[in-house]
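Note on naming: letters A, B, ... go to the chains in the order of the sequence lines (proteins, then strands), and numbering restarts at 1 for each one. Values reported hereafter were calculated over all heavy atoms of this structure, with side chains retained and with hydrogens, waters and symmetry mates removed.
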Number of protein chains: 2
Amino acid sequence: MENKKAIIVGAGLVGTLWAILLAKRGYQVDVFERRGDIRKAELVGGRSINLAMSHRGWKALRKAGIEDTIRKVAIPMSGRKMHSVEGNLQFQPYGLEDQAIYSVSRGGLNLELMNIADDFSSVRFFFNHKCQGVDTRGTTIRFKDTQSGEVKDLEADIIFGTDGAFSAVRGSLQRTPRFNYSQHYLDYGYKELHIPPTADGGFALDKNALHIWPRGQFMLIALPNLDGSFTCTLFLAYEGKVSFEHLNTDEEILDFFNTYFADAVPLMPDLLEDFRDNPTASLVTVRCEPWTYQERILLMGDASHAIVPFYGQGMNSGFEDCSLLDDLMDEHSDDWPSIFEAFGQRVDDANAIADLALRNFIEMRDLVGDPLFLLRKKMEARFLQKYPEHFLPVYSMVTFSHIPYSQALAESHAQDELFRKILALPNIEQRWEAPEVDAIFQQWLESRQVALNTI
Amino acid sequence: MENKKAIIVGAGLVGTLWAILLAKRGYQVDVFERRGDIRKAELVGGRSINLAMSHRGWKALRKAGIEDTIRKVAIPMSGRKMHSVEGNLQFQPYGLEDQAIYSVSRGGLNLELMNIADDFSSVRFFFNHKCQGVDTRGTTIRFKDTQSGEVKDLEADIIFGTDGAFSAVRGSLQRTPRFNYSQHYLDYGYKELHIPPTADGGFALDKNALHIWPRGQFMLIALPNLDGSFTCTLFLAYEGKVSFEHLNTDEEILDFFNTYFADAVPLMPDLLEDFRDNPTASLVTVRCEPWTYQERILLMGDASHAIVPFYGQGMNSGFEDCSLLDDLMDEHSDDWPSIFEAFGQRVDDANAIADLALRNFIEMRDLVGDPLFLLRKKMEARFLQKYPEHFLPVYSMVTFSHIPYSQALAESHAQDELFRKILALPNIEQRWEAPEVDAIFQQWLESRQVALNTI
């Protein structure tokens, strides 16, 4: 029996993981990548963008048989550590005691996935191949070899577009009838900065936390790297009173950092150089539908649902695409039309995590410094412990479960309603464990039960 | 003094009108069009898509000095004529007695505008020139002559993208940072049909009305042409119980029309042929921002704000772009950065008419057959007559005024609130002119006054 042939466009995280899972099922997989082979490029240690791996990501890695390998190079972050303007620290756990999200290097993870994929004789990589689009029948896909200039029209049984937020495959589909599409940018940009290891090679900050300097309309965050350094990211408005447009001279930059992030400045000896050299990058949300075309092309990951990074779910949701498709292949084998139809329901989940990620920006930059918000978090933890059968905080649903994102978004509205009522109680700061609070909680539970029963 | 040079991409309605207005201001204008010269193609009389010209469109034509020419070939439609399933007719005026929207042929109007533009020695047309994009600095624009194959990189002081809903100029801008964009299709398609003139060359239906066969989830409409024919359009879901997917055989098509549009069938001798030969076209809403790039490129008309046709404002809003820009040139002369900045506020108006047009689909296909809706329309007419200083129906704002669309949308929410209260009165059908109704109206007026005073 001849093996089915798949083409994957894009050798990023999702493309390489999906190549592994397809190869395990006996597919002949050709992966085309616009850029050169990252394994031949010089990797700058500790300076690549960090990812926060959580449940959904780990599950996909488990399916590919590489969870343990990646766990070894991942740093657990069990909560947020907030830095106030005065330099005071406050820790807020993400979930239960044994739960954490994991800082991993994007470059390192991608390299590892690529090596594992390459170990399959049925997987071939073609670098420096730029996708120039698919034909309207969806049967051939065109690549240009950017080194030789050669243009090739290729065919496959099935084609996967995993070529990221600015996907060329999706660009082709955008011109077909009835393809719904949106790209929306925040008015905020981000810039990567850097905290090196201490003189003795240690971490300059607690390594088991995601550090946040929340400042209302903007924030700085830091994630640990294996070499003792931290990758920092400044999220700030492009324009306005406090914004990138006013950070041009060394004096302006230093003044800004000394005013708002005084405790971080001594840790960033290359601050001015980093600020000048690193680009100000933009933050886009991409939504589209359908993700499939002519029963032969499927978009995955950022190509179909790019989101802002504030829930740490970009890579996790892309990896969950792989898990779900793999599950659907258990059920439908190679019946791609049936797989496509079932997978189409995921559009709602992608839109939900896009919304949740946008909301979390406000939470991270602003609310984490708000006493009432912190009180809510304390009560969430208490409800979770006291009523584990009936209450799961939304953050835990998204991060430490496989509950569909759309369900988590619906739950977030319900929980907002609950806490609106509770936080309206007089002197709630002193009485957050009082019986009235539990009474409201019970009422809320019952009203939901009624709602469920009347469906 | 050397004349400034402008490039216009697209010789459709907005492109040609804008060429005239720019030429009047002394600009050297080159217009590039992807298709051939429509003046050399054979025009099929009465079969081109109809437009409903209203106040905003006329104003722009007046500025170009060609209002009278177009008035002569426009047919006034003073209201909607609804056809019930039983074939009963009901007329509903659009506004005051002397107000009407005007049926004009898109092809005829475009041809006229092209001829007028061509009379300026400073305007040149280049047909069969396909735009291949603009460079990222916004200084050069690339065209391919589709007849010779030649590729040209051209420069101008200012470039206008008037190349429609699938704009190539916008396609270039979409790939630049921070360009927000969405395209959204309705789940409905449309198909053009045709009612020929009667045997003696007359109109088969009242020619001074826009005919609607509202059927809840779908509808047929008809607009008059100068030759005595009507151009009909069927708007129907692509999929579902009653939908295009179930209209394949002659029997299915005839059965559908005989069931829902029985009085129209005898007027459409070519129904089956038209239905088979004409494509099922899609209905897209395009929104984007910013409409400008690098102080040198501006999108206009459908290129920046394509809307569904249900408010008859697609062409009117595109022509209003021309009027407003012309006004801004009065104010700012050739200071394009200032003009661009002021014109940027129009994005909100474009989004508002997009929303209003989507809402009007529901009104046209469904509500116009609803007694309570018709009652509201009667009350609107009464309020307009009785309180002309304080009440203008939203339809009139959009169609018979130059009030910004965003203001009309806000007013539509306020008026919905008013009529929600009025229609909740018991026996309102009998008492729609009773003093209680006026009391509610007065209350509503006062609450708005208070709101205005507290701003």
**Message:** Testing the basics here: between Tyr185(B) and Asn180(A), what is the closest heavy-atom pair and its distance to 0.1 Å?
**Reply:** N-OD1, 2.5 Å
**Prompt:** Got a salt bridge between Arg178(B) and Glu239(A), using NZ or NE/NH1/NH2 to carboxylate O under 4.0 Å?
**Reply:** yes
**Message:** Using side chain to side chain contact (heavy atoms under 4.5 Å, CB included), reason through Leu236(A) and Tyr190(A) one step at a time and then give a plain yes or no.
**Reply:** CA-CA 6 Å; Leu236(A) 180 66; Tyr190(A) 70 91; over 6 Å; no
**Asp355(B)/Arg287(B) salt bridge by N-O under 4.0 Å criterion** = yes
**Item:** Contacting moiety of Glu289(A), where chain B heavy atoms sit under 4.5 Å
**Value:** neither
**Request:** Check whether Tyr181(A) gets within reach of chain B through its side chain, its backbone, both or neither, counting any heavy atom under 4.5 Å.
**Result:** both
**Message:** Looking only at heavy atoms and a cut-off of under 4.5 Å, which of Phe166(A), Phe179(A), Tyr238(A) has the most pairs with chain B?
**Reply:** Tyr238(A)
